Amino acid sequence: MANNNNIDWKFEISPKRSLFEFNFKEIWNYRDLLILFVKRDIVTIYKQTILGPLWYLIQPLFTSVIFTIIFNGVANIETDGIPPFLYNLAGITAWNYFKDCLLATSDTFKGNQHIFGKVYFPRVILPLSIVLSNLIKFAIQLLVFITFYIYYCFFKGVDISPNNLVFLFPVLVIIMGFLSLGLGMMISSMVTKYRDLVFLLQFGVQLLMYLSLVAYPLSLIQEKLPQLSWLIEYNPMAQIIEASRYLLLNTGSISLGWMLYTVTFTFVVFILGLLIFNRTEKRFIDTI
Amino acid sequence: MSKDLILRVENISKQYRLGTVGTGTLADDLTRWWHLVRGKEDPFLKIGDTNKRDTKGSSDYVWSLKDINFDVYKGDVIGIIGKNGAGKSTLLKILSRVTTPTTGSIKSNGRIASLLEVGTGFHPELTGRENVFLNGAILGMTKKEITSKLDEIIEFSGCERYIDTPTKRYSSGMTVRLAFAVAAFLEPDILIVDEVLAVGDAEFQKKAIGKMKDISSGDNGRTVLFVSHNMAAVKSLCSTGILLNNGEVLCKGEIDEVLQQYQLLNVSNAIDLNNFNRKGNGLCRVTDIAIISQDDDIKKTTFKLGEKISIKLQLNNLANQAIENLRVVIGVYNLNDEGYLRFDTKTTSSIIKISEDKESYITCTLEEHLNIKPDQYSINIAIFQGDDLVDYVNNVSRFEIENYDYYNTGQSIQDSELSKVFYKHTWH
């Protein structure tokens with residue numbers, strides 16, 4: 001047995017944790033699992049409901065109607081010539097994607113502990129699958145938005161048109177995906193030990209929505225509450241939603257500086273989230 | 001040894017914190033962080049008790065595993081046994097990478113797949129077929145591998161008719177069968193199995209054990225680490241064993257030896273017969289038990305198979321008067337608490353009484369040979385007066401029966417562990 005000491009071991013499990021130790025090859029090996037998780041999420045969510053995937057449509061439509069009544073009907077917010085319903089629908093569609101991803105990914109460890117406690121696979125597969133499966137939901141909702149877009153454009157004769165840069169819209173979606181993934185992974189990791197964050201997140205998301213320009217333009221806040229507008233300008237989600245409306249409806253404003261800020265912010269959050277997640281995944285099962 | 005080393009476990013320890021997570025945890029976390037920032041060692045690693053669940057410890061930290069070392073060679077089938085809380089599951093969790101060890105390392109030369117539970121990730125709304133794919137992928141198979149084995153998996157599970165029905169419509173037995181079927185077709189280099197055989201009906205259990213045997217036997221048999229409380233399964237599947245007790249390796253080696261050690265663990269330490277604080281009204285107490293060979297009239301603890309014995313009880317009369325109408329029952333049990341012999345004064349209509357002297361003796365003489373399986377046994381004694389329990393002791397006077405040439409063939413009995421009782425017999 002003396003000569004066993006110089007064996008080349010292929011795998012090693014030890015308590016030492018390197019901060020930047022990512023096994024991308026391993027994640028690639030589990031790509032089938034990623035696809036199956038995405039499929040599971042999509043197939044099972046509306047099983048045994050009568051309306052099925054129609055719920056994907058009903059939810060944003062109703063929210064949009066309510067917002068139109070409250071913000072535009074009662075509060076008289078101007079939407080720059082765009083039909084308020086369409087204006088709100090654009091904001092809600094984008095916001096919903098971010099919100100759904102964030103809430104679901106931040107439950108990764110807590111919600112899947114029965115699986116994680118029994119078998120090993122790269123944990124990051126699960127939040128990834130959530131962001132991907134929500135993408136499909138988002139696509140369906142985007143389709144609804146486009147339907148109403150065409151309806152207003154051709155049947156109501158409203159003068160709306162997308163911006164020339166509309167082809168950049170997918171980039172915004174990707175940024176949203178990474179932002180929610182990064183935040184979600186961070187929160188999920190911290191929730192394993194201290195559950196306080198669950199409560200914080202519940203109303204935090206509500207509050208963030210009002211700070212994310214879902215139902216009003218950035219110009220409005222700059223005009224009426226200039227001393228607080230920084231709060232919204234520094235919120236990357238507000239920048240993303242304002243930019244989406246700029247691309248889709250050609251309204252509002254976009255600035256290269258703030259876009260760079262948003263991308264950098266997202267990148268930092270994502271990397272930080274990945275690091276924390278990677279650190280947590282190895283032993284969270286002891287503390288959860 | 002020409003076998004290849006495939007897994008090496010070095011100094012594995014695992015510490016857990018007891019109690020609930022609360023402000024104390026935050027305080028400890030901060031202390032730990034402060035030590036790490038200054039480049040010092042984690043202060044909580046120095047403390048901690050061994051993991052004895054029934055005694056009160058001095059700190060909130062326990063070592064669930066402490067300095068575990070062993071090597072596994074290719075093709076080994078190792079049984080890991082131990083009482084509840086011995087650290088078996090923690091060890092498996094570390095091996096299957098569900099959690100990390102606190103210290104030490106595990107090095108391996110092959111892919112490890114673990115079966116800590118069957119049906120992990122089964123979704124009740126998905127059909128059997130969809131769940132096979134999902135579960136297989138969770139266990140580490142690729143879609144291609146699963147597709148190529150799908151027919152075999154379905155056939156092995158015996159759920160063909162239901163395969164396109166959501167698993168929520170399955171009986172619990174069917175779910176388990178399907179789940180085990182997926183697991184049975186896993187092909188890792190090292191397979192870790194925890195108690196999964198304890199599922200399904202008798203027919204399926206037999207099938208499952210058979211499958212496990214297939215997996216582990218043959219020229220390119222898989223390396224298997226198997227945890228179970230089912231000693232029969234461990235004995236039939238495993239070649240070597242590791243016995244854990246309170247987080248430490250108590251012994252490792254040939255499975256028979258390890259199983260024997262495990263049986264010894266199950267016997268609580270000998271009861272002090274002079275401690276009268278026990279069941280019964282205490283008119284008299286058993287103070288000594290002697291098992292005596294009729295051959296040489298000597299008190300012994302090891303007997304030959306087929307020897308004739310007497311059991312002699314020494315009683316201490318505490319009533320200061322003669323006690324009449326006693327009923328004495330002697331039971332002989334093996335170390336798994338299975339009853340083997342029973343001697344009861346009632347069944348022989350014997351009348352037992354003891355005089356007012358302080359010390360009396362009762363002897364039970366066996367007229368037959370002691371022709372039961374070579375093993376370790378212990379004695380239970382109950383004494384009644386009418387319906388009242390006078391004295392009761394259990395698990396005392398352990399003795400051993402060793403294999404012997406009971407049949408007078410010139411050698412001791414072959415395969416003696418396969419029979420519980422031995423009768424002299426003739427063939428024509």
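Note that the structure is predicted; figures quoted are calculated from it, not measured. Just so it is clear: chains get the letters A, B, ... in the order the sequence lines come, proteins before strands, and each one is counted from 1.
When the shell of 6.0 Å around CZ of A:F178 is examined, it contains 12 or fewer heavy atoms from other residues, nucleotides or ligands. Dense packing is recorded around NZ of B:K252, with more than 12 heavy atoms of other residues, nucleotides or ligands lying under 6.0 Å away.
The shortest distance between side-chain heavy atoms of B:L139 and A:F121 does not fall below 4.5 Å.
The choice from B:S105, B:A137, B:S108, B:A113 that makes the most heavy-atom pairs within less than 4.5 Å of chain A is B:S108.
Only the backbone of A:F116 comes within less than 4.5 Å of a heavy atom of chain B; no side-chain atom from C-beta onward does. Both the backbone and the side chain of A:V119 have a heavy atom closer than 4.5 Å to some heavy atom of chain B. Only the side chain of B:K93 comes within less than 4.5 Å of a heavy atom of chain A; its backbone N, CA, C and O stay farther away. Neither the backbone nor the side chain of A:R31 has a heavy atom closer than 4.5 Å to any heavy atom of chain B.
Taking every heavy atom of both residues into account, B:F133 and A:L36 meet most closely at O-CD1, 3.4 Å. What you find for A:R40 and B:L126 is that their closest heavy atoms are CG-CD1, 3.9 Å.
A distance-only check finds no donor-acceptor pair linking the side chain of A:D32 to the backbone of B:T142 [under 3.5 Å].
With respect to A:E26 and B:R97, a salt bridge is recorded, a charged nitrogen being found less than 4.0 Å from a carboxylate O.
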